Number of protein chains: 2
Amino acid sequence: MSLDKKISVAVIKRLPRYYRYLSDLLKLGIKRISSKELSIRMGITASQIRQDLNCFGGFGQQGYGYNVEFLYNEIGNILGVNDNFNFIIIGAGNMGRALANYSNFDKRGFILKGIFDISPNLVGQTINNIEVLPLSSLDSFSKNNKIDIAMLCVPYEQTPIVADKVARLGVKGLWNFSPMDLKIPYDVIIENVHLSDSLMVLGYKLTEKLKNL
Amino acid sequence: MSLDKKISVAVIKRLPRYYRYLSDLLKLGIKRISSKELSIRMGITASQIRQDLNCFGGFGQQGYGYNVEFLYNEIGNILGVNDNFNFIIIGAGNMGRALANYSNFDKRGFILKGIFDISPNLVGQTINNIEVLPLSSLDSFSKNNKIDIAMLCVPYEQTPIVADKVARLGVKGLWNFSPMDLKIPYDVIIENVHLSDSLMVLGYKLTEKLKNL
DNA sequence: TAGATTGTTAATCGATTAACAATC
DNA sequence: TAGATTGTTAATCGATTAACAATC
């Protein structure tokens, strides 16, 4: 058990955002940046940037600021982009296919190992150079391949069943796209992507705006 | 300008979650629920539930709790599920198609009016009974159809260009799926869906967990 | 009426921001 | 050295939780 002080989830959630902005700066050829400059670009306070980064270590230098490439690599390490995670996609519908084609994932250390579906229409198709396998073959597949993460893109009612199945096969992380708070009786990390929640927040904001006009 | 006290975005973001849990309770045929019972189901405090709901009004009754159907409808109203929003999807790739087939959106008051793409391979296809139109026809389309929201499912570099275009045509809300913080010089509400940020948070948590074993 | 549970105020906790000494 | 900017402590702010009087 680690003795480090607990880092709040608010900080963790900001890390990928820092990573994106640093990547942009790198592409622009910018070598160094102060917390002040970065705060202006990101629309947050310089104080927050320095506090956030100092949860993980002193990456900057007084009087100079931060070396963009160094900071980019450090945040990448914290986020584990250099640790590779093998993942599978369950459900080869449009969402599953969209994720299978998401080229960014490779760059972040996520390696697509397999795509599974139950539909005979989809099994055998090739998506991003990977053949869709029948869900029934997942058992034997998982014996020959270490799978860290499963992305669940199956219909609502199937989601808990499939989650249970993959958890028992030893998958350690689930990325859930069904509009439910997935809970299973296994020690697995679950991230829920609630697209319709996000859209409803947009709807709320639009309604508020119209009201105040 | 409204004189109501400002409701925090933390509260707003919880509303769709309440709405989902109430929908589940309705389906289970449960007529009434106390903040205590709901708090156990949702894994939050009863205090938070009562505080959140009282931002919008007193929906409960002392000694009784909350009527599930009534509360469901009230939260629905707050979220604007009865106000219809017309939306279009730009980009008929896998993500665009996934969203076009998302049947939940209808139920929440979001009406798909059109799908646009530039690729001649996709234009003319039918998705969820809607024909994919060429992006070049968007101008005239928007003259004949009131569009509230545009969902942007186009490649990274195209995103700001397309966002600018639809904002000038009068679209009031943007749902952005590109891994960037979209900013445009128009008075438009933007919700960003950062899928790879979410996945990186999952990766971080997995790394932490492995470290602490 | 007695019991239950809300609505709401007050207390606590945690996250954000400000300030500044350390130091490059 | 003087100027700039970090790392870090202290102050502030806001969100969450606890407590309880009101009331169904």
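In this text, all values refer to a predicted model and were calculated from it rather than measured experimentally. First the proteins, then the strands, lettered A, B, ... as listed; each starts at 1.
Remark: A:Phe87 engages no residue in a ring-ring contact (aromatic ring centres under 6.0 Å, His included) (not counting sequence neighbours). Applying the salt bridge (charged side-chain N to carboxylate O under 4.0 Å, His left out) criterion to B:Lys172, with sequence neighbours excluded, gives no partner residue. A search for side chain to side chain donor-acceptor pair (under 3.5 Å) contacts involving A:Glu191 returns B:Lys205, not counting sequence neighbours. Under the rule for a side chain to side chain donor-acceptor pair (under 3.5 Å), the partners of A:Asn82 that lie at least two apart in sequence or sit in another chain are A:Asn77.
Applying the ring pair (Phe, Tyr, Trp, His ring centres under 6.0 Å) test to residues at least two apart or on different chains, the pairs with a partner in residues 176-205 of chain B are B:Trp175-B:Phe177. Residue pairs that meet the ring pair (Phe, Tyr, Trp, His ring centres under 6.0 Å) test with at least one member in residues 7-26 of chain B, sequence neighbours left out, are B:Tyr19-B:Tyr72. Contacts classified as ring pair (Phe, Tyr, Trp, His ring centres under 6.0 Å) and involving residues 43-65 of chain A (residues at least two apart or in different chains) are not found. Screening residues 22-40 of chain A for salt bridge (charged side-chain N to carboxylate O under 4.0 Å, His left out), with sequence neighbours left out, gives no hits.
Taking a 6.0 Å sphere around CZ of A:Arg41, one finds it holds 12 or fewer heavy atoms contributed by other residues, nucleotides or ligands.
Between A:Gly63 and B:Gln62, it is B:Gln62 whose nearest contact on DNA chain C lies nearer the 5' terminus.
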Exercise for review: Quick one: the dot-bracket string of DNA chain D, using Watson-Crick and G-U wobble pairs with both distances under 3.5 Å, [ ] for crossing pairs and | for bases paired to another strand.
Suggested key: ..||||||||||||||||||||||
Determine all donor-acceptor pairs shorter than 3.5 Å in which one atom belongs to a side chain in residues 152-163 of chain B; sequence neighbours excluded.
residue  : atom : partner  : partner atom : Å
B:Thr159 : OG1  : B:Pro155 : O            : 3.1
B:Thr159 : OG1  : B:Tyr156 : O            : 3.3
B:Thr159 : OG1  : B:Ser178 : OG           : 2.6

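The span of DNA chain D lying next to chain A, judged by atoms under 4.0 Å from heavy atoms, is bounded 5' to 3' by D:dA4 to D:dA10.
Listed by residue number, the members of residues 27-47 of chain B with any heavy atom below 4.0 angstrom from DNA chain C are B:Ser34, B:Ser35.
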